Amino acid sequence: MTRVRIDASRCQGHGRCVLIAPDYFDVDEAGLGRVLIAEVAAADCADLADAERSCPEGAIVLTD
């Protein structure tokens, strides 16, 4: 199963992840990204990979 996380030391709060996959990401009170659902459904892997590629800080991490 693919899992997603945000490297908090890299996130700068651009919010692209929230726009691409709002079911999986949100922003916290400081405006930084946070993961809502860590386990990625197979049907959503393409969207999460797009979020990973779109993050300008490389803070989105997908692992199998």
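As the structure is a computational prediction, the values presented were derived from the model and not from experiment.
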Closest non-hydrogen atom pair between Ala30 and Asp28, with its separation: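 Of all heavy-atom pairs spanning Ala30 and Asp28, the closest is N-OD1, 2.9 Å.
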With [X] via side-chain hydrogen bond (donor to acceptor under 3.5 Å, both in side chains) - residues at least two apart:
| X | answer |
| --- | --- |
| Glu57 | His14 |
| Asp7 | Ser9 |
| Arg10 | none |

Check Val27, Val18, Asp26 against Arg34 for a side-chain contact (heavy atoms from CB on, under 4.5 Å) and give me the one that passes.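 The single option meeting the side-chain contact (heavy atoms from CB on, under 4.5 Å) with Arg34 is Asp26.
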Residues two or more places apart in sequence or in another chain: which of them pass side-chain contact (heavy atoms from CB on, under 4.5 Å) with Val61?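 Val61 satisfies side-chain contact (heavy atoms from CB on, under 4.5 Å) with Arg5, Thr63 once adjacent residues are dropped.
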Ile6: partners by side-chain contact (heavy atoms from CB on, under 4.5 Å), with sequence neighbours left out: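 By the side-chain contact (heavy atoms from CB on, under 4.5 Å) rule, Ile6 matches Cys11, Phe25, Val35, Ala59, Ile60.
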Note, Arg16 side chain near Pro56 side chain (heavy atom, < 4.5 Å): yes
Contacts table for residues 36-45: side-chain donor-acceptor under 3.5 angstrom, sequence neighbours left out:
from, atom 1, to, atom 2, distance (Å)
Glu39, OE2, Arg3, NH1, 3.2
Asp44, OD2, Tyr24, OH, 2.6

From Leu19 CG over to Asp50 CG, what is the distance, rounded to the nearest 0.5 angstrom? 11.0 Å
